[in-house]
2 protein chains.
Amino acid sequence: MPDQPSHKPSGPAAGDTPAELRADARRNRERVLDAAREVFAAQGVDAPMSAVARRAGVGVATLYRRFPTRSALVTAAFEDQLAVCATAFEEAQADPNPGHGLYTLLERICTTLVTDRGFETVFMAGFPEALAYDRQRAVAEERLSHLVQRARDAGQLREDFAPADIPLLLLAVSGLAAQPPETALPAARRLLTYLFQSFQAHPPSRPAPLPPAPPLDLSGLQRPVSAR
Amino acid sequence: MPDQPSHKPSGPAAGDTPAELRADARRNRERVLDAAREVFAAQGVDAPMSAVARRAGVGVATLYRRFPTRSALVTAAFEDQLAVCATAFEEAQADPNPGHGLYTLLERICTTLVTDRGFETVFMAGFPEALAYDRQRAVAEERLSHLVQRARDAGQLREDFAPADIPLLLLAVSGLAAQPPETALPAARRLLTYLFQSFQAHPPSRPAPLPPAPPLDLSGLQRPVSAR
DNA sequence: CCATAAGTGGACGAGGCCCTCCACTTGCCC
DNA sequence: GGGCAAGTGGAGGGCCTCGTCCACTTATGG
C-alpha cells in the first residue's frame, strides 16, 4: 500500500464533518444549508436543487459535491430542527403534569409542521436515508407512549383514547399546512383545542373557550394546483 | 361569408356535447373519462396525461382533441361526482334534524375525500377553469351556512362554533388522505367523531364511544416522497 | 361499394430538472 | 510569493412530460 502524502488523517465524511474543509468551502456549505432551509420551508423538499444553489449563490456542482443526494441535503438541513424536536419530547416527558406536557409538545410540533413545508414532509414521512432519524423516532415513540400512558393513568385522557390518535392528530394538522401560515397557524391551534377537549376523560359541562377561528371559507380553500 | 357545406348545425362544444360525435369517437371519449377517473383517483390529478391515454387504450392526440387542457379533462371527469356531492348538500338541508344532516353530509364528503385523491384536489382547490363549479360552490356554501345556523339555533352546536370550522375540518381530513384508504377511512371516521363531540353544545358527561382506531403509529406515517 | 370528412396514433420539438464532467480559480502551507 | 490540491461554476447529456402535427384509418351517407 502506498504511503499517504496527504497530511489529513482521514477523508471527509459525506457532508458530515465540516472540520476538514477549506475555509471557503465551509462557508459555502453553510450558505447552502441556509438556502436549503429557506427554500424547503417555502416550497417543500421537492424544490429544484438549482433553486437552492441559486439562492445560496453557488453553482450546482458545489451543492452536489457537498451533498451527493437530495436526501443528504434534506437530512443535513433539518438536523437542527429535529434535534429541537427531540428536546421537546424530553421536556414533555419531564413535565410533572402529563396532560399538560402532551398538549405543549403537540402544540409545538404542530406549529412547526404548519410553518415549514419541508419539516412537514421530513417529519411525516421519515426521509429515506435519514436512518439516523430512526433512532430518534424510536426514542420519540417510546417517550410518547409513556406520556400517553401516564396521562391516561392520571385520568386526563378518556378510556378509549388510543396511541394511534397522536399520529392521527398530526396527519390532520398537516392537512392544514396546505394553507399559508397566517391561516394555518390559527387553524392548527383551534383544531388542537377542539381535539384536546374531546380527548379529556371528564369534559366539563361548559367547555373552555376556543382560540379565534381562522380566516377560512369554502371558496377560500386554496391548494397550489400545478397550473402548467 | 362563404356558405356552409356542412350539414351540421353547430360545431362541437369543447368536450361538452358528445351528441354530434361519431360513434367510435363517443366510445373513445367515454373510455378516456373512465381511465381519467381511475388514474386520477389513484395518482391524483397531476398524473401524466400519457398514463390516462395508455389506460384508455388511445393515443395522446385523441385525448387532447377531446379535452384540450388538463383542466377540461379533470372538470369532465369529476362532473358526476360533484353532482352527487351537490345532491348530498340538498339532502342535508332537507334533513329535519340539522345536526344529523350536517354530520351525515360531512361524513359522506370525507369518505370520498379520503378515497379519491383526485376528488380531494378538485374539491379542496376548486380547479381553475372549473368555473361551472363556482356556482355549485356558492350554492353549497349557502346551504352549509344555513345548516350550521339551524343546528346552532337548535342548540346542537356550541356557541363559539364558527362556520370556518367546516373548512377546517375538511382540510384536516384531507391530511389523512396521504395514507392508503384502508387506513385513511377509519382514521377519518374517528377524527370526525372526535370533532363532532367537541362541536356539541352540551356534551354528555360520558361521551359516546369512538369508532375503532386506525392502524397508525409514528413510524408508520407514510407519505409518498419522490424517491428519484 | 365509394367518396369524404371525422377521427386516430405515434413521432417529435420544447422545456424542465437531474446530475456529471472538466477547465478554471483560490485558499493554504512552505 | 509560489506551487498545488481543494474547490468552483456552468455547460451538457439524459430523462421525463407536455402538447402539436400530419399521414393514415374508418365510420357514414348516398
Side-chain angles (χ1 to χ4, degrees), chain A residues 4-15 17-32 35-36 39-40 43-74 128-129 225-228, chain B residues 4-15 17-32 35-36 39-40 43-74 128-129 225-228:
Chain A
Q4 305 271 336
S6 167
H7 47 84
K8 294 191 176 176
S10 71
T17 340
E20 312 269 6
L21 289 180
R22 226 168 67 177
D24 56 341
R26 181 141 21 128
R27 216 178 320 129
N28 276 342
R29 185 177 184 278
E30 282 313 312
R31 296 176 73 182
V32 166
V39 172
F40 288 161
Q43 309 184 34
V45 291
D46 283 335
M49 295 295 251
S50 57
V52 176
R54 203 175 331 116
R55 174 125 207 161
V58 304
V60 258
T62 302
L63 191 158
Y64 276 106
R65 161 179 290 244
R66 220 51 76 196
F67 306 98
T69 72
R70 181 182 223 88
S71 289
L73 178 57
V74 171
E129 300 193 18
V225 168
S226 63
R228 321 202 185 199
Chain B
Q4 305 271 340
S6 166
H7 49 83
K8 294 193 176 172
S10 70
T17 339
E20 313 270 6
L21 287 180
R22 227 168 69 176
D24 56 341
R26 187 144 14 134
R27 215 178 319 129
N28 276 341
R29 185 177 183 278
E30 282 312 313
R31 298 176 72 183
V32 167
V39 172
F40 288 160
Q43 309 183 33
V45 290
D46 282 335
M49 295 295 252
S50 56
V52 177
R54 201 175 332 115
R55 175 124 207 162
V58 304
V60 256
T62 301
L63 192 158
Y64 277 108
R65 161 179 291 243
R66 221 49 75 198
F67 307 98
T69 72
R70 179 182 225 91
S71 289
L73 178 57
V74 171
E129 301 192 18
V225 169
S226 63
R228 318 203 184 200

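Just so it is clear: chains get the letters A, B, ... in the order the sequence lines come, proteins before strands, and each one is counted from 1. Values in this document were obtained by computation on a predicted structure and should not be read as measured data.
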**Message:** Could you tell me how far apart A:Arg29 (CZ) and D:dA6 (C1') are, to the nearest whole angstrom?
**Reply:** 16 Å
**Asked** Hey, mind stepping through B:Val32 and B:Arg66 against side-chain contact (heavy atoms from CB on, under 4.5 Å) and telling me if it holds?
**Response** CA-CA 9 Å; B:Val32 167; B:Arg66 221 49 75 198; over 6 Å; no
**Item:** Rounded distance (Å) that lies between atom C1' of C:dC22 and atom CZ of A:Arg65
**Value:** 11 Å
**Request:** Let me know the distance between CG of A:Leu73 and P of C:dC19, rounded to the nearest Å.
**Result:** 11 Å
**Asked** Could you give the CZ-to-P distance, from B:Arg54 to C:dA11, as a whole number of Å?
**Response** 14 Å
**Request:** Using the test side-chain hydrogen bond (donor to acceptor under 3.5 Å, both in side chains), find all partners of A:Arg55 that sit at least two apart in sequence or belong to another chain.
**Result:** A:Glu38
**Request:** Give the rounded distance in Å between these two atoms: CZ of A:Arg31 and P of D:dT8.
**Result:** 11 Å
**Message:** For a side-chain contact (heavy atoms from CB on, under 4.5 Å) check, start with the C-alpha distance between A:Val74 and A:Phe67, then their side-chain angles and the critical distance, and finish with the verdict.
**Reply:** CA-CA 9 Å; A:Val74 171; A:Phe67 306 98; over 6 Å; no
**Message:** For C:dT8 and B:Arg66 - does any side-chain N or O of the residue sit under 4.0 Å from the phosphate oxygens OP1/OP2?
**Reply:** yes
**Request:** Could you please name the option among D:dT17, C:dG7, D:dA6 that lies closest to any side-chain atom of B:Pro48?
**Result:** D:dT17
**Item:** From B:Arg27 atom CZ to B:Arg22 atom CZ, the distance as rounded to the nearest 0.5 Å
**Value:** 10.0 Å
**Of B:Ser50 and B:Ala23, the one whose closest DNA chain D nucleotide lies more 5'** = B:Ser50
**Request:** Ignoring backbone atoms, establish whether B:Arg22 has a side-chain N or O less than 4.0 Å from OP1 or OP2 of D:dT28.
**Result:** no
**Complete:** To the nearest angstrom, the CG-P distance between A:Asp24 and D:dA5 comes to 17 Å
**Message:** Please compare B:Ala47 and B:Arg27 by the position of their nearest nucleotide in DNA chain D and report the one closer to 5'.
**Reply:** B:Ala47
**Asked** Are B:Asn28 and C:dG7 close enough that a side-chain N or O sits under 4.0 Å from OP1 or OP2?
**Response** no
**Complete:** Ranking D:dA11, D:dC18, D:dA27 by distance to the side chain of A:Val60, first place goes to D:dA11
**Prompt:** Closer than 4.0 Å, any side-chain N/O of B:Thr62 to the OP1 or OP2 of C:dG9?
**Reply:** yes
**Item:** Whole angstrom value for the distance that separates P of C:dC19 from CZ of A:Phe67
**Value:** 15 Å
**Request:** Look at the side chain of B:Tyr64 and decide which nucleotide, out of D:dT20, C:dG7, D:dA27, has an atom nearest to it.
**Result:** D:dT20
**Prompt:** If every non-hydrogen atom of A:Ala53 is compared with every non-hydrogen atom of A:Leu63, which pair is closest and at what distance?
**Reply:** N-CD1, 3.7 Å
**Fill in**
Here the distance between atom C1' of C:dT20 and atom CG of A:Leu63, to the nearest Å, is 14 Å
**Request:** Pick base, sugar-phosphate or nothing for A:Ala61, based on heavy-atom distances below 4.0 Å to the nucleic acid.
**Result:** base
